[in-house]
Structure formats: C-alpha cells, structure tokens
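On a predicted model such as this, the values are computed, not experimentally measured, just so you know. In what follows, every chain begins at residue 1, and chains take the letters A, B, ... in the order their sequences are listed. Computed over heavy atoms, backbone and side chain alike; hydrogens, waters and symmetry mates excluded.
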2 protein chains.
Amino acid sequence: MLDLGRLRALHAVAQHGSVGAAATALGYTPSAVSQQIAKLERETRTTLLERRGRGVALTDAAHLLSATAGQVLALVEHAEVALEEQRGAAVGELRVGAFATAARGLLPATVVRLAERHPQLDVRLVELDPPDCLEAVARGELDLAVTHDWVNAPLAVPEPVSRTRLGEDVADVLLPSAHPLAERDAVEPEDLAGERWICQPEGTICHDWLVNTFRGAGMEPDLAYRIAEYETQLSLLAKGIGVALLPRLGRGALPDSVRAVPFRPTPTRRVFAVWRTQAGRRPAVTATLAALRDCWEQRETA
Amino acid sequence: MLDLGRLRALHAVAQHGSVGAAATALGYTPSAVSQQIAKLERETRTTLLERRGRGVALTDAAHLLSATAGQVLALVEHAEVALEEQRGAAVGELRVGAFATAARGLLPATVVRLAERHPQLDVRLVELDPPDCLEAVARGELDLAVTHDWVNAPLAVPEPVSRTRLGEDVADVLLPSAHPLAERDAVEPEDLAGERWICQPEGTICHDWLVNTFRGAGMEPDLAYRIAEYETQLSLLAKGIGVALLPRLGRGALPDSVRAVPFRPTPTRRVFAVWRTQAGRRPAVTATLAALRDCWEQRETA
DNA sequence: CTTTTGGTTTAGGATCGCTACATGTTGGAT
DNA sequence: ATCCAACATGTAGCGATCCTAAACCAAAAG
C-alpha cells in the first residue's frame with residue numbers, strides 16, 4: 001500500500017517542477033522530499049525522477065502516478081472538509097422506536113419536520129412496546145425511542161440510557177353517542193360497572209390501568225373485546241357494543257357515533273424519549289429530540 | 001493530512017464489523033487497529049467508534065469517512081496496478097483462492113509453474129468454498145480465485161469481477177473393485193438403487209447433484225457417510241462399504257481396490273477463474289490465468 | 001577554475017507504529 | 001450467582017521511519 005505522504009511529495013514535485021520548490025511548498029527540506037521519492041521508487045520498483053541538467057524530470061510512470069495522487073489528495077481533502085461540516089449536522093441513519101399510539105399520533109409529524117429541517121437524515125421508524133423500546137435502545141438496535149410509563153409502573157432506565165419527558169397523555173372513556181352517560185362531564189368506575197369493555201391485550205398499559213383502577217374500587221371490569229388495532233376498536237365502539245378507555249394521543253377526530261368522556265381518577269401516562277447517553281452527542285439525536293418536543297407542543301395547542 | 005494507513009484501518013473495521021476482524025484482515029493485532037483509529041479520532045477531533053456491547057459501532061462521521069476511504073483506497077490500488085502494468089512484470093504478492101478439489105488437483109502444478117516463470121511472484125493459496133471465493137475476490141481479500149458452478153446453479157459474478165472458463169470437470173461413480181458393476185462402461189441411477197453413498201456434506205455440489213439426479217429418477221439416495229475429506233472417502237471406498245460420486249479433477253491414481261465408472265447423465269461442472277476486473281491488468285493476474293490454463297490442458301492430456 | 005544552484009547521501013535524534021501483555025466490559029454458559 | 005469467553009483498549013518497549021543538518025556531487029554560469 002502506497003504511502004500518502006510520499007504521493008504528496010511526488011505530486012508537489014510535479015506541480016512545482018523541482019525538488020527544492022516542492023520541499024518549500026510542503027515545509028520540508030529538499031533532502032526529505034528526495035528521500036521520500038527514493039522510497040516511493042523502491043516501493044514501486046519504478047524510476048520516477050531522472051536528473052535533467054541541474055534539475056529533475058518526471059518519468060512517464062511518475063506523471064501517471066502524480067495524476068492519481070492528485071485525485072487521491074483531492075478526495076482526502078474533501079473528506080476532511082466534509083467531516084468538519086458534518087460536525088454539528090444531523091446526517092446518517094437514525095433508527096427510532098415508538099409505542100403504537102405515539103407511532104400513530106406523534107411520529108408522523110416529527111418525521112416530516114425532520115425531513116424538512118435535515119434532508120440528510122434518514123429516519124427509520126419501528127413500532128415497539130415500551131419495554132422492547134428500552135431494551136432495543138440499550139442494545140444499540142435503536143438510536144432513540146419514544147416510550148411511556150404510568151404511576152403504578154414508573155420507567156426505570158438502565159445505566160447507559162438517558163431520557164427526557166415529552167409530556168403527559170390522558171386517556172378518556174369512549175362511549176357510543178347513544179349511551180346514557182355520553183353527555184356527562186366525567187365518569188367514575190362505579191358509573192361503568194357491568195359495561196363490556198373494548199380493551200387492548202394483556203400487558204398493555206390501558207389494560208393494566210383499567211384492571212387496576214376497577215379492582216381498587218372493588219370491582220372487576222368485563223374485558224369482552226381484546227383488540228390491539230386502533231381502527232378496530234373504533235369500529236366496535238361505533239357499533240355501540242362496548243365502551244373503551246383510549247389515550248388522547250393519536251386519537252384523531254372521532255366519528256359522530258362516539259363520544260369521549262373524561263375519567264376519574266384521570267388515567268395519565270408520562271411520555272418519554274430515551275436514547276443511549278453516549279449517542280446523545282449525535283446531532284441527529286438532539287435534532288430529533290427537538291422535533292419531538294416541537295410536535296408535542298403543537299399537538300397540545302391544537 | 002489524514003494518513004492512509006489509518007483510513008484503511010477504519011475502512012476495514014467498517015467492512016468487517018469489528019476491530020478484531022479488521023485486525024486479522026490487515027494482519028495486525030487488534031491493539032494496533034484500535035490505536036490507529038484512536039489517532040484518527042484525535043486528528044479529526046471526531047468520535048468514530050462507539051462501544052456497543054462487546055463490539056463497536058461506527059458513528060455517522062465514521063461511515064462518511066469510511067466511504068471516502070474506500071474510494072481513496074480503490075484509487076491507490078488502481079495506481080499501483082497501473083504502475084505494475086506499465087512495468088509488465090508479474091511481481092508482488094498474489095492471493096489465490098480455490099475450492100478444495102482444485103486446490104488439490106490443479107493449484108499445486110500451477111504454483112510450481114508460476115514459481116518457475118516468475119520468481120518475483122509470491123503466491124499465497126487458500127482453500128475456500130466457491131461462494132466464499134467470489135466474495136473474497138469482490139472484497140479484494142483475494143486477487144484471483146478458482147471456482148465452479150453446475151447447470152442447476154449457474155455462477156453469477158458481481159459487477160466488478162471478471163471470469164473465464166477453464167474447462168469442465170466430470171464426476172464418476174467410484175465402486176469397490178469387487179462390486180458387480182465395477183467393470184461396466186457406464187452406470188445409471190437405476191443401477192445404483194439401494195447403494196449406501198459416501199458423499200460430501202450438504203451444500204456441496206456433489207451432494208446436491210446426487211440428490212437432484214436421483215430425485216429426477218423418482219428415487220432417494222441413501223447418503224450413509226457424510227465426509228468432507230477426500231482421503232477419508234477413499235479409505236471408506238477401499239473398505240467396500242459404500243459407493244461414491246467423485247470429480248475427476250484432483251482425484252489422482254486410484255488404489256486397485258477401487259474402480260471409476262462413468263455415470264449417466266454425466267455430472268459436469270464448469271470450472272472458472274475469477275478476479276476483480278480492475279486487477280485483471282496486473283501482469284501477475286494474467287500470468288496466473290495463463291498458468292492455470294496451461295496446467296488444465298496438461299491435466300486433460302495426461 | 002571558481003562560484004552558484006540544485007539534488008543526493010549520510011548520520012543522528014525524534015517520533016511513530018507495531019507487538020506483547022495487562023486491564024476492563026459484556027454476554028452467555030454452568 | 002459465578003465463571004468464562006469474546007472483544008476492545010491501555011501501557012511499555014523495541015525497531016522502523018522520517019525528519020534535519022551537514023557533507024557531498026554534478027552541472028551551469030561567470
């Protein structure tokens with residue numbers, strides 16, 4: 001493998017026409033340049049310089065080599081500049097995870113905003129449950145994730161992971177419009193005894209919250225429909241065959257056939273962004289955090 | 001000015017995925033590679049590697065730098081080749097890969113011939129399966145490789161790789177001399193129903209060919225002995241406990257206790273030499289191709 | 001001839017870059 | 001819970017490298 005310094009020496013001689021001039025240009029003594037080129041000749045087993053009168057002339061091989069050396073040097077210089085530029089710019093691939101609701105209600109806007117601000121950034125999004133999010137981030141499979149917790153199960157982030165709170169997400173009870181309670185200001189567990197619930201599968205926060213709260217009131221909710229998909233839940237609601245507890249985040253506009261009524265006590269979960277602390281210095285990560293916060297604000301004011 | 005050696009180290013880490021693998025590929029210790037990259041980081045005032053679990057991950061800057069490093073290395077290699085070409089002599093190190101049979105039956109003669117004709121040439125030989133051969137050549141870890149395909153799985157060479165056909169290799173059935181079919185002119189699958197086969201492991205061409213051909217005739221071969229090593233196969237044959245399908249290339253003289261009988265349909269594979277197209281102008285490569293062709297001829301006439 | 005200009009060689013000291021070995025983590029196996 | 005294997009990094013030291021300085025050589029100019 002040819003040495004870059006020697007190539008530079010040859011190139012300088014080609015450009016400046018003499019060993020001395022090249023040496024001055026490079027800040028060396030002529031001796032150094034002469035030695036470098038002698039080494040290059042030994043390495044390539046080629047004659048590069050020929051004495052011509054008092055000066056030197058380049059052989060064909062030297063011209064050839066000098067030409068590619070010029071390209072190489074330009075490339076390397078370009079790379080150095082690019083590095084400098086890139087320091088502070090958000091570029092590259094960023095793998096983001098988010099729980100389903102956030103993936104629906106928060107991330108699309110964030111991805112669009114990032115694409116506007118940082119066209120060099122390539123955001124990959126994957127929907128993932130909160131515990132998986134955290135693991136994936138810790139393992140480095142994700143660069144950043146949006147996750148949540150709630151009071152009964154606070155989020156414990158492992159050592160090398162940082163987090164920041166984006167805000168709080170409140171869940172309401174969704175009722176068919178024809179339901180007797182549909183126009184109430186708020187409802188409590190006691191009001192909803194005997195209802196058939198549309199609920200996410202076991203292990204999700206909505207499920208746990210519901211079961212917990214009802215048991216706290218000495219009751220057991222009837223979880224008749226275990227549905228993971230948001231649209232499915234909505235169409236069950238629209239048919240009027242059950243009630244549901246659904247977070248505001250990512251809920252969108254409700255059809256006329258469904259009403260949202262606040263629940264007491266208020267089901268609240270805290271939404272976080274998490275990332276490997278080490279990667280926090282990546283401009284791409286800080287830019288995404290900023291975009292997430294912006295989009296969260298915008299959502300709240302809307 | 002960035003140092004080429006350090007760029008190469010970074011590029012190797014990017015390609016091989018770990019410091020250790022890169023070190024092996026470059027012929028250094030992991031410590032050396034680690035130090036090189038640490039220096040590169042200091043030079044560029046950039047973080048390039050991040051510890052991730054037991055291994056490392058490249059930062060955005062590192063990916064960027066590695067990409068241009070790849071270009072630079074390609075350019076430099078191109079320049080080296082051009083120089084050598086200009087000189088016209090086959091010299092330097094030439095890393096050659098070959099599948100097992102060729103490594104046994106073709107390469108030894110080739111290496112000897114090359115050593116006679118081009119004493120300056122330093123040939124390194126490594127036995128490698130065909131798919132690995134192709135990859136290694138494409139990645140530049142080998143300068144040239146001898147590989148093969150067969151009709152059911154034609155060889156697809158990636159873009160920057162060239163190939164030339166050396167010839168065809170035919171496989172025969174090997175039978176114990178005492179076998180009733182041992183003196184036949186040819187045998188067919190039907191003749192060999194119920195035989196216990198000595199065969200190479202799954203994934204090898206002999207194995208696939210055998211299974212394919214028998215299934216085409218509505219039968220299933222009984223692959224009783226899965227042996228990779230040629231000598232072991234031969235000694236099993238000599239014991240008379242099975243039959244085998246073995247290519248003529250690299251077979252050598254058979255002991256009296258074993259007979260070779262042609263098979264119908266004839267199992268044929270095409271043997272190729274492959275090399276990076278760019279390196280094809282290296283005299284060392286063309287000289288080796290010539291030597292390979294010569295030795296193949298000689299083998300056929302023998 | 002001598003001088004001037006320019007390149008090469010040699011000697012020597014600073015630095016570099018490698019290896020060997022020790023250390024620190026992590027993740028899987030017992 | 002504990003050990004072990006895999007992997008990366010830190011340290012010390014030795015040999016190679018690369019520079020400068022100074023001597024040396026060769027060609028043109030006076």
Contact list for [range], test side-chain hydrogen bond (donor to acceptor under 3.5 Å, both in side chains), sequence neighbours left out:
| range | value |
| --- | --- |
| residues 117-129 of chain A | A:Arg117-A:Asp294, A:Asp122-A:Arg124 |
| residues 33-45 of chain B | B:Arg6-B:Glu43, B:Ser31-B:Gln35, B:Thr44-B:Thr46 |
| residues 11-23 of chain B | B:His16-B:Glu141 |

For the residue pair A:Thr147 / A:Arg163, report whether a side-chain donor-acceptor contact shorter than 3.5 Å exists. no
With a 4.0 Å cut-off on N to O distance, would you call A:Arg276 and A:Asp143 a salt bridge? yes
Decide yes or no for A:Arg270 and A:His148: does some side-chain heavy atom of the first lie under 4.5 Å from some side-chain heavy atom of the second? no
Walk along nucleotides 9-17 of chain D from 5' to 3' and tag each nucleotide B, S or - by protein heavy-atom contact under 4.0 Å, base first, then sugar-phosphate. BBB------
side-chain contact (heavy atoms from CB on, under 4.5 Å) partners for B:Thr24, two or more places apart: none
Taken to the nearest whole Å, CZ/B:Arg52 to P/D:dA8 is 13 Å
For atom CZ of B:Arg54 and atom P of D:dC7, their distance in whole Å: 7 Å
Between B:Gln200 and B:His207, what is the shortest heavy-atom contact and its length? O-CB, 3.7 Å
What is the nucleic acid contact for B:Gly27, judged by heavy atoms within less than 4.0 Å: base, sugar-phosphate only, or nothing? sugar-phosphate
First and last nucleotide of DNA chain C, 5' to 3', lying under 4.0 Å from heavy atoms of chain A: C:dT4 to C:dT10
